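To keep things clear, I will list the structure first and then write my remarks on it.
All values reported here derive from a predicted model rather than from experimental measurement.
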Amino acid sequence: MLYDAYEMQRSMLAGASALANFGAGLLQNPANPFAYFGGGAIMGSALEVFAHASAPRGKPAFGLTKTVIDGREVAVHEEIVLRKPFGQLKRFRREGVEDSPKLLIVAPMSGHYATLLRGTVERMLPACEVYITDWRDAKLVPLSEGRFDFDDYVDYIIDFLSEIGPNAHMLAVCQPSVPCYVAACVMSADKHPCTPRTLTLMGGPVDTREAPTAVNLLATERPHAWFEQNAIATVPMTYPGAGRRVYPGFLQLAGFMSMNLGNHMISHWEMFKHLVQGDDESAEATKRFYDEYRSVCDMTAEFYLQTVELVFQRHALPKGEMLHHGKRVDPGAITDIGILAIEGERDDISGLGQTRAALTLATNLSEDKKRYYMAEKVGHYGIFNGSKWRNRIAPVVEEWIKANG
C-alpha cells in the first residue's frame, strides 16, 4: 500500500504543480497590471517555488554534446554499446578523437540516475574516452527478467569491462566502490584479460566501521528484518515491473532530504528571494540542482537488502567474509591494479577512513600502486561534482590514470 499511497500523492501534487505554475506565470507576466502591485511578485515567486518542488520528474538526459580538447571544440555523441535487463553501458564518443585512455565510470545504484554524475563525465571527457553504467529503474523491468542482486551487480561490471576491452580504467563513486573492488579482486584472481589498469574509489563505504556516519548508524542500529518490513514495497500495476519488490527511490530521496533538511529549506528560501529580486540566473542554478536531485528511481529489493547486510552490518569485505557466487573474495589477488582512494574531509555519507581501507586490504599490492587523497573542506557531493571536483580532484584522477596507463 505504501507505493500506491505515494502514487496517489504524486498524482495530486502533479495537478497542484500545474495550477501553481499557471498562477506563477500569470502573476509574473509583464502584461498583467496586477503583477506590479499588491504583492504580485512575491505571490508569483512563492507559487513558482511550490510548482518546481512538487512537479513530477522522469529520467533526465545527460545533454553532453561537446567538449574542448587542446583548445578545440569537439562534438560528443552518446552511444549504447551493451544492453542488459537492469542496465546498459553508455559511451560518450568524441568525434575524431582516438587513442585516449578508456575510463568506465560506475554510477551509484542508490536511488538516483546515472545523470547525477553528469559533471563527473563532463570533466573527464577532454582526457578520456568515457563510458558509464546507466542503471535502469527497477520498476520498469518486468518480472520475467528475473532478479538482480549483489553478485549480479559485480557480474555486470565485469561484463562492461569485457565489452570495453583490455587496459581500461575504472572510477567508482560512492556505493559502487565495494562491488567494483570485488570485481577487481575476482578479475585479478581469474587473470581476466580485461582487468582494469586503475581503480579509483571516491567516497565509498569499503569499511563502514571507520568513522561511522548517520547513514552507517542507521544500518547497524536496526536488524535486517526492519529494513525488509519498512523499506521494501511492491511495484503497482501501472508499471512494467508490476509485482517486483523494490526499495523505492522516493524513500531514498526522503532519507537524503531529512539528513540535511535545514540546508534544503535554506536553498529553497534563497531561490524564492532570487525570484522576487529578478535574479533568474541564481534561481535557475538551484532549480537545475534539484531537478537532478529529485529525479529518483527504484532498486531491486534483493540488491538493496544484500548491500545493507554485507556492507553496513556484516562488514564482509574488510573481514574477509565476502563471497561472489559462493567463492571467497580475496583482496590479496590484486597485484597490478593502481588503486586511488579519494575522500572528502566533510563527507557525511562515507566518513574519513572508509574508502582508504581499500588500500590496506590490498596486501599484495606494492606501495607505488597505492595512493590516497583527502580533499579538504569537501563534502560528499563535492567529491564528484562542482568546482572543487573540476579544479582539485579531477587532476589527481587524470594524473593517476596517466601514471598507470
Beyond-backbone contact of [X] with [Y], side-chain heavy atoms, under 4.5 angstrom:
{"X": "E376", "Y": "R392", "value": "yes"}
{"X": "I342", "Y": "T200", "value": "yes"}
{"X": "L199", "Y": "C180", "value": "yes"}
{"X": "K84", "Y": "F160", "value": "yes"}
{"X": "I339", "Y": "Y181", "value": "yes"}
{"X": "Y156", "Y": "T133", "value": "no"}
{"X": "R314", "Y": "K319", "value": "no"}
{"X": "R123", "Y": "V397", "value": "no"}

How far apart are the closest heavy atoms of [X] and [Y], and which atoms are they?
{"X": "A20", "Y": "F50", "result": "CB-CD2, 3.6 Å"}
{"X": "P196", "Y": "I337", "result": "O-CG1, 3.4 Å"}
{"X": "A231", "Y": "L251", "result": "O-CD1, 3.7 Å"}
{"X": "V106", "Y": "L117", "result": "O-CD1, 4.3 Å"}
{"X": "K370", "Y": "L365", "result": "CE-O, 3.3 Å"}
{"X": "P176", "Y": "P108", "result": "CD-CA, 3.6 Å"}

Ignoring hydrogens and geometry, is there a side-chain-to-backbone donor-acceptor pair from [X] to [Y] under 3.5 Å?
{"X": "T120", "Y": "F384", "value": "yes"}
{"X": "K327", "Y": "V186", "value": "no"}
{"X": "Q252", "Y": "Y247", "value": "no"}

Applying the side-chain contact (heavy atoms from CB on, under 4.5 Å) test to E48, which of M271, K287, M43 qualifies?
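Exactly one option meets the side-chain contact (heavy atoms from CB on, under 4.5 Å) with E48, and it is K287.
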
[X] atom [atom1], neighbour heavy-atom count above 12 within 6.0 Å:
{"X": "E281", "atom1": "CD", "value": "no"}
{"X": "R371", "atom1": "CZ", "value": "yes"}
{"X": "Y372", "atom1": "OH", "value": "yes"}

H268/M265 under side-chain contact (heavy atoms from CB on, under 4.5 Å): CA gap, chis, key distance, verdict:
CA-CA 5 Å; H268 283 80; M265 293 178 68; 6.0 Å; no

If you measure only the distance, is there a donor-acceptor pair under 3.5 Å linking the side chains of [X] and [Y]?
{"X": "S162", "Y": "D159", "answer": "no"}
{"X": "D298", "Y": "Y239", "answer": "no"}
{"X": "D151", "Y": "H324", "answer": "no"}
{"X": "H380", "Y": "S350", "answer": "no"}
{"X": "N404", "Y": "H169", "answer": "no"}
{"X": "D347", "Y": "Q354", "answer": "no"}
{"X": "N167", "Y": "K102", "answer": "no"}

May I ask you to say whether [X] pairs ionically with [Y], meaning some side-chain N is under 4.0 Å from a carboxylate O?
{"X": "K402", "Y": "E399", "result": "no"}
{"X": "K59", "Y": "D134", "result": "yes"}
{"X": "E129", "Y": "R91", "result": "yes"}

Report the C-alpha distance between L171 and I401 in whole Å, list the side-chain angles of each, state the deciding distance to 0.1 Å, and finish with yes or no for side-chain contact (heavy atoms from CB on, under 4.5 Å).
CA-CA 10 Å; L171 184 154; I401 289 174; over 6 Å; no

For residues 62-75, please give each side-chain donor-acceptor pair under 3.5 Å, one per line with the distance, not counting sequence neighbours.
none

Evaluation steps, salt bridge (charged side-chain N to carboxylate O under 4.0 Å, His left out), between R244 and E145:
CA-CA 10 Å; R244 183 179 294 281; E145 295 290 357; over 6 Å; no

Check: F289 ring centroid to Y381 ring centroid under 6.0 Å
yes

Using 30° and 60° as the class boundaries, would you call the ring planes of W135 and Y153 parallel, tilted or perpendicular?
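Plane angle between 30° and 60°, so tilted.
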
Please work out whether the ring planes of F148 and F303 are parallel, tilted or perpendicular, with thresholds of 30° and 60°.
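It falls in the tilted class, 30° to 60°.
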
K90/E78 under salt bridge (charged side-chain N to carboxylate O under 4.0 Å, His left out): CA gap, chis, key distance, verdict
CA-CA 7 Å; K90 181 168 287 189; E78 291 184 25; 3.1 Å; yes

